[in-house]
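Notes to accompany the following structure.
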Amino acid sequence: MKVLALVTQKGGTGKSSLAVSLAVAAEESGLKTCILDVDPQGTAAEWRARRTAERPEVEAINWSFLSSRLYTLKRERCDLIIIDTPGANNAAAEAAMRDATLCIIPVRPSVADIEAAKPTIRYLSDRDKPFAFVLNQCPVGGRTARTSNAYRALQLLSAVSDATLANRADHMDALAAGLGVTEHAPSGKAAAETRALLSWLLAQLERPQRGRRNEAPAREARG
Ligand SMILES: Nc1ncnc2c1ncn2[C@@H]1O[C@H](COP(=O)(O)OP(=O)(O)OP(=O)(O)O)[C@@H](O)[C@H]1O
Ligand SMILES: [Mg+2]
């Protein structure tokens, strides 16, 4: 069982939107997936209340029960757990970061988002926890200069998904309808980008997880 946690104290970067759409896409790809919502705001839990489909399972839980719930979900043979956390560097976010196989930090391509993620990055780096960035809500129309600049800045800090998500109404409409983007508009661009992101994340999860300190040196730096 793999555990992804969506974290960053910056609000509105897309943690909950990615949590629900990635979970739906993961279920569609055959993975038994569960969302654990430790954000008292309850965006993922409320999204679940608007759904008719049974899967993915969504549970709103207090962060203090997170470790024990993960233990039982493992015994229930869940393949993938996605934890949605509050936009705050608090006990709930820290519990998720401690228990995750991999933390995902969604950032919009703006200096404000990158700077606001610093406490989250510091927490993860200090504990040598593996984490990766996902650029979300990027300007449409391919890799703009703003997206490329943000990509390069983030690469200095950790892995960055090469699957980026553009700013697309499908994400807002899907959330409102209690759907993942791949259910809401299966042949749309937002759906394709979300599937590409899921593939990238699953590939990361298959690799041995290492924090920055224990990463193998980059190829250019070897010998
Ligand atoms: N790629 C996207 N394109 C368009 N809108 C998006 C995208 N990603 C997220 N949004 C919208 O941005 C808003 C904030 O997203 P979301 O609630 O997922 O952020 P969050 O990080 O979970 O916020 P919080 O920190 O408050 O929990 C929502 O209205 C959502 O529909
Ligand atoms: Mg949220």
Side-chain angles (χ1 to χ4, degrees), residues 4-25 35-51 56 58-63 66 82-97 100 103-110 112-121 123 131-144 146-147 150-151 160-185 188-198 200-201:
L4 288 175
L6 287 139
V7 288
T8 177
Q9 68 157 10
K10 180 74 176 171
T13 63
K15 295 178 288 295
S16 305
S17 304
L18 292 186
V20 301
S21 279
L22 285 170
V24 168
I35 298 173
L36 295 179
D37 187 355
V38 297
D39 181 1
Q41 196 172 225
T43 308
E46 286 180 19
W47 169 84
R48 171 68 187 92
R50 293 191 286 276
R51 271 176 86 70
V58 182
E59 291 176 27
I61 63 164
N62 183 282
W63 66 268
L66 185 61
I82 299 181
I83 310 175
D84 188 21
T85 71
N89 230 29
N90 59 14
E94 289 182 3
M97 289 191 272
C103 292
I104 311 164
I105 303 181
V107 285
R108 291 164 293 202
S110 89
D113 273 29
I114 299 171
E115 284 180 348
K118 277 183 185 166
T120 308
I121 295 167
Y123 183 93
F131 64 98
F133 297 100
V134 172
L135 277 163
N136 186 30
Q137 302 180 47
C138 297
V140 289
R143 275 275 165 96
T144 63
R146 193 181 313 139
T147 305
Y151 190 92
V160 191
S161 165
D162 43 29
T164 59
L165 300 184
N167 195 329
R168 300 190 192 279
D170 279 353
H171 289 281
M172 282 182 270
D173 295 340
L175 195 69
L179 298 170
V181 278
T182 53
E183 294 171 314
H184 171 70
K189 289 182 178 169
E193 289 166 355
T194 300
R195 288 188 201 101
L197 174 59
L198 177 68
W200 188 87
L201 290 170

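Note that the coordinates shown come from a computational prediction; the quantities given were computed from them, not determined experimentally. As the structure lists them, so they are numbered: ligands from 1, and atoms in each ligand from 1.
For atom 22 (O) of ligand 1, the nearest non-hydrogen atom from the set Cys138, Ser16, Ala93 comes from Ser16. Counting only non-hydrogen atoms, the option in Leu135, Thr43, Asn136, Asp37 that gets closest to atom 8 (N) of ligand 1 is Asn136.
The NZ atom of Lys118 sits 11.5 Å away from the CD atom of Gln9 when rounded to the nearest 0.5 Å. Distance check: Gln137 CD to Met172 CE gives 7.5 Å after rounding to the nearest 0.5 Å. Atoms CZ and OG1, from Arg143 and Thr164 in turn, are 5.0 Å apart once rounded to the nearest 0.5 Å. The CG atom of Leu66 sits 12.5 Å away from the CD atom of Glu94 when rounded to the nearest 0.5 Å. The distance from the CG atom of Asp113 to the NZ atom of Lys10 is 5.5 Å, given to the nearest 0.5 Å.
Contacts between Gln137 and ligand 1, counted as non-hydrogen atom pairs separated by less than 4.0 Å, involve both the backbone and the side chain. With a 4.0 Å cut-off on non-hydrogen atoms, Pro106 does not touch ligand 1 at all. Only side-chain heavy atoms of Asp39 come within less than 4.0 Å of ligand 1; its backbone N, CA, C and O stay farther off.
Screening Thr147, Leu165, Thr144 for a side-chain contact (heavy atoms from CB on, under 4.5 Å) with Cys138, the sole residue that qualifies is Thr147. Partner Leu4 forms a side-chain contact (heavy atoms from CB on, under 4.5 Å) with one of Leu18, Ile104, Leu198 and no other, that one being Ile104.
Protein heavy atom closest to atom 27 (O) of ligand 1, with residue, atom name and distance, is Gln41 NE2, 3.1 Å. At the top of the distance list for atom 29 (O) of ligand 1, counting protein heavy atoms only, stands Met172 CG, 4.1 Å. Protein heavy atom closest to atom 3 (N) of ligand 1, with residue, atom name and distance, is Arg168 N, 3.0 Å. Among protein heavy atoms, atom 15 (O) of ligand 1 sits closest to Ser17 OG, 3.6 Å. For atom 23 (O) of ligand 1, the closest non-hydrogen atom on the protein side is Gly12 N, 2.9 Å.
Inclusion of Gly14 in the set of residues having an N or O under 3.5 Å from an N or O of ligand 1 is warranted. The shortest N/O to N/O separation between Ala166 and ligand 1 falls below 3.5 Å.
The Mg ion (ligand 2) lies at 2.8 Å or more from every N, O or S atom belonging to Thr43.
Protein heavy atoms are absent from the 4.0 Å sphere centred on atom 13 (C) of ligand 1.
More than 12 heavy atoms of other residues, nucleotides or ligands sit less than 6.0 Å from atom CZ of Arg51.
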Check against side-chain contact (heavy atoms from CB on, under 4.5 Å), Thr13 and Asn136: CA-CA 7 Å; Thr13 63; Asn136 186 30; 5.8 Å; no
Val24/His184 under side-chain contact (heavy atoms from CB on, under 4.5 Å): CA gap, chis, key distance, verdict: CA-CA 11 Å; Val24 168; His184 171 70; over 6 Å; no
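Ile105 and Thr8 get closest at one heavy-atom pair: CG2-CB, 3.8 Å.
Contact atoms of ligand 1 toward Gly11: 25 (O) (distance under 4.0 Å to a heavy atom of the residue). Within ligand 1, the atoms closer than 4.0 Å to a non-hydrogen atom of Lys15 are 18 (O), 19 (O), 20 (P), 21 (O), 22 (O), 24 (P), 25 (O), numbered from 1 in the order shown. Shown in contact with Gly87 at under 4.0 Å from a heavy atom are these atoms of ligand 1, numbered in order with element: 25 (O).
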